[in-house]
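Computed over heavy atoms, backbone and side chain alike; hydrogens, waters and symmetry mates excluded. When a residue number appears, it is its place in the shown sequence, counting from 1. As the structure is a prediction and not an experimental result, all values here were calculated from the model.
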Amino acid sequence: MSHPLIKLENVRRYYGEGDTEVRALDGVSLRINPGEFVAIIGQSGSGKSTLMNILGCLDRPTDGAYTVRGEDISKLDADELASLRRETFGFIFQRYNLLASVSASENVEIPAVYAGLGQEERRSKARELLARLGLGERTGHKPGQLSGGQQQRVAVARALVNDAEIILADEPTGALDSGSSAELLTLLEDLHESGRTIILITHDEKVAARAKRVITIQDGRILSDTGDQGGHDEARESYRYSRKGPSPVAQVFEAVKMAFRSLRANLFRTALTLLGVVIGVSAVVAMLAIGQGSQQDVMARFESLGPNLLFARPGAPGQRMRGDAIATLTLQDTEALAELDNIVAAVPSRSSSATLRVGSNDVRAQVEGVSEDWPTAQNRGMKYGTFFTEDDMDRRVGVVVLGTTTAGNLFNDPQSAVGEYVFLGGAPFEVSGILEEKGATGWGQDQDDIALVPITTGMMRLFGQAYLSSITLAVDDTDRITETEEAAHALLMSRHGTEDFQLRNTASFLKSMQEAQSSFSILLGSVASISLLVGGIGVMNIMLVSVSERTREIGVRMATGARRSDIMTQFVVEALVVGGLGGIAGVLFGLGVCFILAESGMTIAVTAMPAVLAFTSALGTGLIFGLLPARKAARLDPVTALASE
């Protein structure tokens, strides 16, 4: 025949260099026509296995030309070779090379997966083939539950599932008893009669005698060839099976199935790997929730001051007030500022620590002199009684308003304190009211441990000098707060002649605290991310171990038509599955931790963003740390992978 199916011309395959060079094949020329039944016989080390690897496009010759149907394989890349193997060759290995973790039917389906057959189509085809081979009742059994002969028949079915044109059988009877060997050889003869090309590699002359043509190989060279026995020319196109391979969606779907199967096969190791990811993700969720809760708590306390406040402090910008050293703000400044447009209230303030006494009970508290507008500016109501009035201010009346903490320290029943007298600075002050509770500030100061007196009374009886610690300005229109601040600055400059004061608004305080709290949240998130990074390294380690353990499986998949992208996708998806499962479990565990902390009284802010961020990070970690093992798996040499133990 002028157009052989397989043609080798002066093919050489050398391993090593120099003194260590091994000539596995040394100038082999060979033609095999469609429909032939050829046996290649030789002793161990003769080069027959190397010849089979080259014939099956698992290996490339060092020199010479090899063509399949006139197509030069030296011009094909790795994926094109995979397609050629998938469409043209069916392999029957001596050691069966079945995947131990899947059933007989699923083993048969492997080449069809990479050929792009739908799930139902390939499943039906696999069961039909197994039934024809006498394994109809064993389709769900795993290889470990089958005898050697049954496993070899599964391997034959796998070789036939894509209607392979060429069957390559490498020592197919080497691990079988005589009865099973005879059955297999009869099966190969039947396949030959149906038009397939059979290439049988063996060292057994009796097995080789069943073929129509026998080629003897020794020391890498063809020693004898009984000659071209023709074959079935009409079979040339009969079993040509051409598909483009699976679509990307089908490829990912199959990879996900294989990933769960692989993870299920090593549950303990998978659990340990997932644990690292779970800890990392849950730490991110919980710590960010704690950080945001803390931020919201602090912000709520600051915002309770009111977003409409301006504060004037004594001392030039950058200068700190220490004790009574700075005296630049006065009651007259307060009165002038109160006349400005957009000012609702101007509240002077002078504070000092003092001792309050009721009977024999002494309490040290913060005493602050303020005006009657203090509740308006501070947005603070009364729990019992009333606040002092403008008339009390004008007459310098000895009245005091107590915080709930101070009142509780002085009186057994704070409500009954209204109308009672407290000695303050050696003088009696009548309790006119009790403030509503405010709680602690963002820095832990108790806002209820306070006593308020009219500023005029305080300057006369307590503080001794007529200057202020601060002036609080409540503005009407917060959109004009900057404009109002500039007007207040100009007024004080005109009154003082120098900038011996400082002006700030609540917004600037809030901004500073928000920046500080954001930094705190970022710090917590960064610490938690380290846990996630460690989990990612665990994913990479487990995937590298998986590649090492499954090297032969990778070789089988490549021999049956898997492209590099198929192998790459499989291991990347496995890493993503680990990351995804760990991410879901970690988010749930982190939310559980947040719930427990919230029940214990801690302020926790659970939002969707940290959970989404943590889960996405887990997926990204799986992807990033899965790429290296996946790349390693995809670049394995099929021959080396198949020879792996």
For K125, is there an ion pair with E121 - N to carboxylate O distance below 4.0 angstrom?
no
Has K142 got a side-chain atom pairing as donor or acceptor with S103's backbone, closer than 3.5 angstrom?
no
Should R196 and H192 count as side-chain neighbours, where that means a heavy-atom distance under 4.5 Å?
no
Heavy-atom pair of closest approach, residues A559 and F91
O-CE1, 3.1 Å
May I ask you to test the L58-M558 pair for a side-chain heavy-atom distance under 4.5 Å?
no
Are any of the side-chain heavy atoms of T560 and R85 separated by less than 4.5 Å?
no
Under 3.5 Å: donor-acceptor pair, side chain of T216, backbone of I41:
no
Say whether, by atom type as modelled, one donor and one acceptor occur between the side chain of Q151 and the main chain of L146 under 3.5 angstrom.
yes
What distance separates R138 CZ from R153 CZ, expressed to the nearest 0.5 Å?
9.5 Å
Between T173 and V207, the two heavy atoms sitting closest are OG1-CG2, 3.7 Å
Straight-line distance of T88 OG1 to I6 CD1, nearest 0.5 Å:
9.0 Å
Looking only at side-chain N and O atoms, does Y14 offer a donor or acceptor that is under 3.5 Å from a partner on D26?
yes
Nearest atoms (heavy-atom pairs only) where I73 meets C57:
CG2-SG, 4.1 Å
Note: D170 and S49 closest approach over all heavy atoms is OD1-OG, 4.2 Å
Quick one: are S548 and K632 in side-chain contact, heavy atoms under 4.5 Å?
yes
Cut-off 3.5 Å, side chains only: do S105 and T139 have a donor facing an acceptor?
no
Salt bridge check, R127 against E109: does any charged N sit closer than 4.0 Å to a carboxylate O?
no
To the nearest 0.5 Å, tell me how far L84 CG sits from D79 CG.
12.5 Å
E36 side chain reached by I198 side chain, heavy atoms, under 4.5 Å
no
Determine whether the side chains of Q150 and S147 contain a donor N or O and an acceptor N or O closer than 3.5 Å.
yes
Q145 CD: over 12 foreign heavy atoms closer than 6.0 Å:
yes
Kindly compute the distance separating CD1 (I166) from CD1 (I32), expressed to the nearest 0.5 Å.
7.5 Å
Determine whether a donor-acceptor pair (N or O, by modelled atom type, separation under 3.5 Å) exists between the side chain of E171 and the backbone of H203.
yes
I would like to know whether T186 and E183 meet side chain to side chain donor-acceptor pair (under 3.5 Å); could you show each step before the answer?
CA-CA 5 Å; T186 300; E183 289 180 7; over 6 Å; no
CZ of F89 to CG of L55: how many Å apart, nearest 0.5 Å?
7.0 Å
Looking only at the side chains, is there a donor atom on one of D72 and S74 sitting less than 3.5 Å from an acceptor on the other?
yes
Let's go through R12 and R23 carefully: what are the C-alpha distance in whole Å and the side-chain angles of both, what is the deciding distance for side-chain contact (heavy atoms from CB on, under 4.5 Å) to 0.1 Å, and is it a yes or a no?
CA-CA 8 Å; R12 292 178 170 83; R23 299 191 175 191; 5.7 Å; no
Counting only heavy atoms not in R60, do more than 12 fall under 6.0 Å of its CZ?
yes
E80 and S83: side chain donor to acceptor below 3.5 Å
no
What I want to check is whether the side chains of R563 and Y114 have a donor and an acceptor closer together than 3.5 Å.
no
Checking the side chain of R86 only, and the main-chain atoms of G561 only, is there a donor and an acceptor separated by less than 3.5 Å?
yes
Heavy atoms of other groups near E21 CD, more than 12 under 6.0 Å:
yes
Between D225 and I215, is there a donor-acceptor pair closer than 3.5 Å when you use the side chain of the first and the backbone of the second?
no
We want to know whether N33 and R31 form a side-chain donor-acceptor pair, criterion being a heavy-atom distance below 3.5 angstrom.
no
Over all heavy atoms of both residues, which pair between G586 and V281 is shortest? Give the atoms and the distance, please.
C-CG1, 3.6 Å
After noting the C-alpha distance and the side-chain angles of V578 and L274, does the key distance pass the side-chain contact (heavy atoms from CB on, under 4.5 Å) rule?
CA-CA 6 Å; V578 172; L274 287 175; 3.9 Å; yes
If you measure only the distance, is there a donor-acceptor pair under 3.5 Å linking the side chains of R13 and T62?
yes
For a side-chain contact (heavy atoms from CB on, under 4.5 Å) check, start with the C-alpha distance between I92 and L188, then their side-chain angles and the critical distance, and finish with the verdict.
CA-CA 11 Å; I92 304 174; L188 291 177; 4.0 Å; yes
Do you know the tightest heavy-atom contact between L98 and V154?
CD2-CG1, 3.8 Å
Are L76 and E71 close enough that some pair of their side-chain heavy atoms sits under 4.5 Å apart?
yes
Are side-chain heavy atoms of F37 and R213 found at a separation under 4.5 Å?
no
Determine yes or no for a side-chain-to-main-chain donor-acceptor pair under 3.5 angstrom, with T20 supplying the side chain and G16 the backbone.
no
Flag side-chain contact, heavy atom, 4.5 Å: I554 against F571:
yes
Derivation of the side-chain contact (heavy atoms from CB on, under 4.5 Å) call for L160 and L191
CA-CA 10 Å; L160 297 175; L191 293 173; 3.8 Å; yes
